[in-house]
2 protein chains.
Amino acid sequence: MILDCCIVHYYRLATPEHAVQPRIPTSIRRHLPYLLARAYQRQQRLFEAHTRDFDITGRDYGLLLMLESNPGLWQSEIADLMGLDRTTVTYLVDGLQKRGWVAREPDPADRRAHVVTMTADGRTALESIRPAAAAAIDEVLAPLDETERDQLRALLTRLLGH
Amino acid sequence: MILDCCIVHYYRLATPEHAVQPRIPTSIRRHLPYLLARAYQRQQRLFEAHTRDFDITGRDYGLLLMLESNPGLWQSEIADLMGLDRTTVTYLVDGLQKRGWVAREPDPADRRAHVVTMTADGRTALESIRPAAAAAIDEVLAPLDETERDQLRALLTRLLGH
DNA sequence: TATTGTTATACTCTATAACTATA
DNA sequence: TATAGTTATAGAGTATAACAATA
């Protein structure tokens, strides 16, 4: 968990004491992998900053959104949809279940599998967190107008082949 | 370290046994935070896949690039430039030093600080890794033509306020 | 007093391997 | 045999706190 001081650290306008301010050279500053990593880092940190009062991570939130529109997913399906290992999904679902936000039930159609659904408490939690998550996203995307957001969406969608 | 099986897992066209194929709903598939996270995830995994023969992570590689064009950075400057905690930079530089790729020397102008520079071995390693890293980036960006890459660069730069 | 860096430590995330149970 | 999920375990990464050296 990244605490306040780090957010401050990250967002302060750094001005080291000594004269020569180090700069990220253009070759790196215009490097797409660098830009992508930094954008993701910023998104993660702003999400954490805005949701500090709720016991949730960005990925937990994403999983709840998946379950909201797709109730009764198998854990193996969650793994596919999120690009994660089965054991990582077990870990993730364990955490949400401990908070009482999701439930596991054996799938009657295939008793090897467990279907995961949100509980009433989970839905309540999701609703209470949604505004903070939206505020985080607003802050991340603030520099872009609607047209630019659409362009970014289109480019990333193409990049992912989705 | 993500091993081959996971790359395969991630990139195989998943077709679960049971009839109803779960889908990421449009509301999430078009969600910019989701797209950004997935693009970053893809970038990370392709970098790992292409550089498996070299003992290096994407962040190590980024730091070597920083040092290449900006030799003699302080660790605190590295922390600022990469958005990391000081202790994390100590950990990172420790790793590169153990591999003999960077050296720390006290800064004569401010003996509190250590300047970090690449060694000859570090430069050799960087050159041997560069083609694999370039191949990874090529694969990540393959779906985009030059114009689209420029657009993505411009949008992410704006997003970051750089 | 403030800053640079280190160490000790702990927690989160992620994966491997071995297992159980189902199909 | 193959798949779904769990458990035990280990490693990487990241942070906090306390500290030493220097400014």
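A note on names: the letters A, B, ... follow the listed sequences, proteins ahead of strands, and every chain is numbered from 1. Every heavy atom of this structure was used, including side-chain atoms; hydrogens, water molecules and symmetry mates were not.
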>> Using the side chain to side chain donor-acceptor pair (under 3.5 Å) criterion, which residues pair with T88(A)? Sequence neighbours excluded.
In response: none
>> Counting only side-chain nitrogens and oxygens, does R104(A) get under 4.0 Å of the OP1 or OP2 atom of dT6(D)?
In response: yes
>> Just the rounded figure in Å: distance from P of dT16(D) to CG of L84(B).
In response: 13 Å
> Start at the 5' end of DNA chain C and walk down; is the nucleotide closest to L92(A) or to A113(B) reached first?
Replying inline: A113(B)
>> Without decimals, in angstroms, what is the distance between M82(A) CE and dA15(C) P?
In response: 12 Å
> Whole-Å distance between dG5(C) P and W74(B) CH2?
Replying inline: 7 Å
> H114(B) NE2 to dA20(D) P: how many Å, rounded?
Replying inline: 16 Å
Each nucleotide N or O in nucleotides 17-22 of chain C that has a protein N or O under 3.5 Å away: list the pair and distance.
none

> Roughly how many Å is it from CG in D94(B) to P in dA12(D), rounded to a whole number?
Replying inline: 13 Å
> Would you say T88(B) reaches dG13(D)'s phosphate, i.e. side-chain N/O to OP1/OP2 under 4.0 Å?
Replying inline: no
>> Under the salt bridge (charged side-chain N to carboxylate O under 4.0 Å, His left out) definition, can you give me all pairs with a residue in residues 119-128 of chain B, not counting sequence neighbours?
In response: E127(B)-R130(B)
Under 3.5 Å, sequence neighbours excluded: what are the donor-acceptor pairs made by side chains of residues 134-146 of chain B?
unit_1, atom_1, unit_2, atom_2, d
E139(B), OE1, H50(B), NE2, 2.7
D145(B), OD1, T147(B), N, 3.1
D145(B), OD1, E148(B), N, 2.8

>> Please report the distance, rounded to the nearest Å, between CG in D85(B) and P in dA10(C).
In response: 18 Å
>> Whole angstroms only, please: what is the CD1-C1' distance between I78(A) and dA4(D)?
In response: 12 Å
> T90(A) side chain N/O closer than 4.0 Å to the phosphate oxygens (OP1, OP2) of dG5(D)?
Replying inline: no
>> Within the 4.5 Å heavy-atom criterion, are R38(A) and Q41(A) side-chain neighbours or not?
In response: yes
> Listed by chain and number, what are the side chain to side chain donor-acceptor pair (under 3.5 Å) partners of D150(B), not counting sequence neighbours?
Replying inline: R153(B)
> What is the distance from CG of D60(A) to P of dT12(C), rounded to the nearest Å?
Replying inline: 12 Å
>> Ring-plane angle category for F47(A) and Y61(A), please: parallel below 30°, perpendicular beyond 60°, tilted otherwise.
In response: tilted
> Which of the following nucleotides, dT12(C), dG13(D), dT4(C), is nearest to the side chain of Y91(B)?
Replying inline: dG13(D)
>> Run the ring-ring contact (aromatic ring centres under 6.0 Å, His included) test against Y34(A) and tell me which residues pass, sequence neighbours left out.
In response: none
